Amino acid sequence: MSASSKPAFKTLDHAQLSGQRVLLRVDLNVPMEQGKVTDATRIERILPTIKEIAKKGGKIILLAHFGRPKAGPDTENSLRPLAKVLADQLGQSVDFANDCIGAEAQAKVGALKSGDVILLENTRFHKGEEKNDPAFVKALAGLGDVYVNDAFSAAHRAHASTEGLAHVLPAYAGRAMQAEIEAIATALENPTRPLVAVVGGAKVSTKLDLLGNLVKKVDVLVIGGGMANTFLAAQGKPVGKSLCEKDMLDTAKSVLEQASKANCTIVLPSDVVLAKAFKAHAPSRVADVDHVAEDEMILDAGPRTIARVEEKFAEAKTLVWNGPFGAFELEPFDAATNAAARAAAKLTKAGKLMSIAGGGDTVSALNHAGVGEDFTYISTAGGAFLEWLEGKPLPGVEALRA
């Protein structure tokens with residue numbers, strides 16, 4: 001599916017919203033410290049959907065979860081502080097209900113006028129949310145006439161507010177959900193080639209499905225981070241004290257064989273940055289991958305490796321990125337990630353590359369490199385983005401299909 005083709009799911013373009021009570025599932029699971037939001041990206045992404053529904057005369061009832069409450073309601077996981085944040089961002093008042101079902105929620109929803117917004121309390125305060133309990137779905141559905149899902153980042157979970165509601169009310173994708181699906185689908189299902197993927201992070205074991213899916217779809221797979229060490233070890237290279245999953249060596253060899261059969265070029269580090277201590281500004285040296293001492297650890301890819309990665313980016317038309325190259329949170333072991341990110345951003349700004357990135361560490365790494373705004377699309381979804389890349393159906397997306 002290309003971004004210009006008709007989506008295989010219903011969007012706000014198909015919805016009758018005027019005078020309707022619209023249950024809008026959003027992702028407000030944002031980082032907070034001492035009651036203050038430290039990163040409002042997820043909130044900013046949902047504003048266009050809220051404003052569009054309001055403009056079209058809908059009454060907006062926001063559903064969201066926060067944290068992982070275990071024993072029912074608690075102040076630590078309450079959404080109450082976010083009502084004011086939303087009001088400030090929207091430039092209009094946002095009411096709050098102390099529960100997402102029940103008498104208070106019903107009364108407050110009943111008092112809404114077209115264009116009004118109310119935020120209901122954390123859906124996860126009810127066990128029925130994560131169980132996708134039909135009785136809880138029915139109680140939520142009683143508050144609305146239409147269901148809109150704008151929380152792609154929760155779409156890999158078949159919960160009451162992310163999947164169950166789509167089966168009992170007319171269901172549509174919000175604009176943030178639509179943008180996310182179209183961006184990723186364009187990159188993986190109908191990409192302009194060559195298609196390059198960067199997969200970094202610590203462990204092969206956590207990204208095995210991802211690697212298996214990508215070698216069949218991409219032209220070049222760049223492997224970085226701690227998982228690259230496992231691949232190097234599988235090739236008989238010395239990795240010293242580096243993070244390395246010794247029990248995954250056969251698996252790494254299998255991925256390399258699959259890639260070879262699929263004509264997918266694998267790019268692994270040819271030179272690396274080595275240190276004896278895992279800490280910022282630890283004394284370090286650059287060496288060929290064949291010359292890692294027993295008391296050293298690989299903490300980043302070296303300059304020769306990055307030059308090759310930049311060459312592959314320059315040849316590419318589409319880039320999908322998940323995971324950093326090295327210990328990017330520690331200077332100077334952020335150099336490879338920074339250099340590669342800036343190269344991709346430069347090509348994107350020049351109109352030569354479509355770049356899509358996602359996953360928590362990835363977003364942090366790109367922001368750290370100062371290019372968070374320069375990629376074609378950055379997904380704020382962690383698990384959902386990964387599962388989509390792995391080729392797995394996402395319950396929250398499947399439920400919206402036309």
Side-chain angles (χ1 to χ4, degrees), residues 6-28 43 45-65 79 82-83 86-87 89-123 126 128-129 132 134-152 154-155 159-181 396-402:
K6 276 188 172 176
F9 48 91
K10 291 171 288 185
T11 70
L12 292 183
D13 297 326
H14 308 95
Q16 292 297 321
L17 299 169
S18 181
Q20 300 291 290
R21 298 171 302 161
V22 181
L23 285 171
L24 175 57
R25 180 53 158 98
V26 292
D27 186 354
L28 297 178
I43 294 173
R45 292 267 173 104
I46 61 173
L47 299 179
T49 297
I50 297 173
K51 289 175 179 175
E52 183 175 344
I53 295 170
K55 192 176 177 184
K56 290 180 175 175
K59 303 168 184 179
I60 299 134
I61 303 137
L62 298 174
L63 296 173
H65 75 275
L79 286 170
L82 289 164
L86 281 161
Q89 294 264 12
L90 285 166
Q92 72 175 87
S93 64
V94 174
D95 198 2
F96 181 76
N98 290 301
D99 199 350
C100 58
I101 56 173
E104 183 192 337
Q106 287 167 357
K108 290 200 166 193
V109 167
L112 293 176
K113 298 182 178 66
S114 290
D116 284 354
V117 183
I118 184 171
L119 172 63
L120 306 187
E121 184 57 285
N122 194 341
T123 55
H126 292 267
E129 163 71 340
N132 205 353
F136 183 61
V137 172
K138 188 178 177 185
L140 288 173
L143 297 170
D145 307 302
V146 173
Y147 170 69
V148 175
N149 191 344
D150 216 25
F152 179 83
H159 291 173
S161 68
T162 60
E163 197 264 355
L165 281 170
H167 297 291
V168 294
L169 290 174
Y172 307 91
R175 295 306 184 196
M177 169 79 88
Q178 182 183 349
E180 189 103 26
I181 296 170
V397 173
E398 294 304 309
L400 299 176
R401 292 213 181 269

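FYI, the numbering just counts along the sequence from 1. Just so it is clear, the model here is predicted, and its values are computed rather than measured.
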Original post:
Passes side-chain contact (heavy atoms from CB on, under 4.5 Å), I46 versus L28? Steps please.
Top reply: CA-CA 9 Å; I46 61 173; L28 297 178; 3.8 Å; yes
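- Remark: K56 NZ is packed, more than 12 non-hydrogen atoms of other residues, nucleotides or ligands lying under 6.0 Å away.
- Distance check, rounded to the nearest 0.5 Å: CG of L112 to CD1 of I60 gives 9.0 Å.
- Note: H14 NE2 to F9 CZ = 9.5 Å, rounded to the nearest 0.5 Å.
- No donor-acceptor pair closer than 3.5 Å links the side chain of E163 to the backbone N or O of A155.
- A donor-acceptor contact closer than 3.5 angstrom is absent between the side chains of H159 and R25.
- Side-chain contact between Q20 and I53 is absent, with no heavy-atom pair separated by less than 4.5 Å.
- For the pair L120 and L79, the tightest heavy-atom approach, listed with the atom from each and the gap, is O-CD1, 3.5 Å.
- Counting heavy atoms from C-beta outward, D95 and L119 have side chains that stay 4.5 Å or more apart.
- For the residue pair A105 and A97, the shortest heavy atom distance occurs at CA-CB, 4.2 Å.
- The CD atom of E104 sits 7.5 Å away from atom CG of D99, with the distance rounded to the nearest 0.5 Å.
- Atom CG of residue L47 and atom CD of residue E52 lie 13.0 Å apart, to the nearest 0.5 angstrom.
- At distances below 3.5 Å, not a single donor-acceptor pair connects side-chain atoms of H167 with backbone N or O atoms of G164.
- Here the side chain of D150 pairs a donor or acceptor atom with the backbone of M177 at under 3.5 angstrom.
- Here the CD1-NZ distance, from I50 to K55, works out to 15.5 Å after rounding to the nearest 0.5 Å.
- The closest side-chain heavy-atom distance from I101 to H126 is below 4.5 Å.
- What you find for T11 and Y172 is that their closest heavy atoms are O-CD2, 3.3 Å.
- The pair R401-E398 counts as a salt bridge, with a side-chain nitrogen and a carboxylate oxygen less than 4.0 angstrom apart.
- When N149, V146, L63 are each tested for a side chain to side chain contact (heavy atoms under 4.5 Å, CB included) with L165, only one passes: L63.
- Side chain of Y147 to backbone of S161: a donor-acceptor contact under 3.5 angstrom is found.
- For the side chain to side chain contact (heavy atoms under 4.5 Å, CB included) criterion with C100, the lone passing option out of L23, N122, I61, L140 is L140.
- For G128 against F136, the heavy-atom pair with the smallest separation is C-CD2, 3.5 Å.
- Using a 4.0 Å cut-off between charged side-chain N and carboxylate O, R175 and D13 make a salt bridge.
- A donor-acceptor contact shorter than 3.5 Å links the side chain of D145 to the backbone of R21.
- Residue I118 holds its CD1 atom at 9.0 Å from CG of L62, rounded to the nearest 0.5 Å.
- For L400 against A171, the heavy-atom pair with the smallest separation is CD2-CB, 3.8 Å.
- The two atoms that bring A160 and N132 nearest to each other are CA-OD1, 3.2 Å, heavy atoms only.
- Contact check on K59 versus D116 returns no salt bridge, with no Lys/Arg side-chain nitrogen under 4.0 Å from an Asp/Glu carboxylate oxygen.
- By the 4.5 Å heavy-atom criterion applied to side chains, F96 and E121 are counted as neighbours.
- Donor-acceptor pairing under 3.5 Å is lacking for the side chains of H65 and D27.
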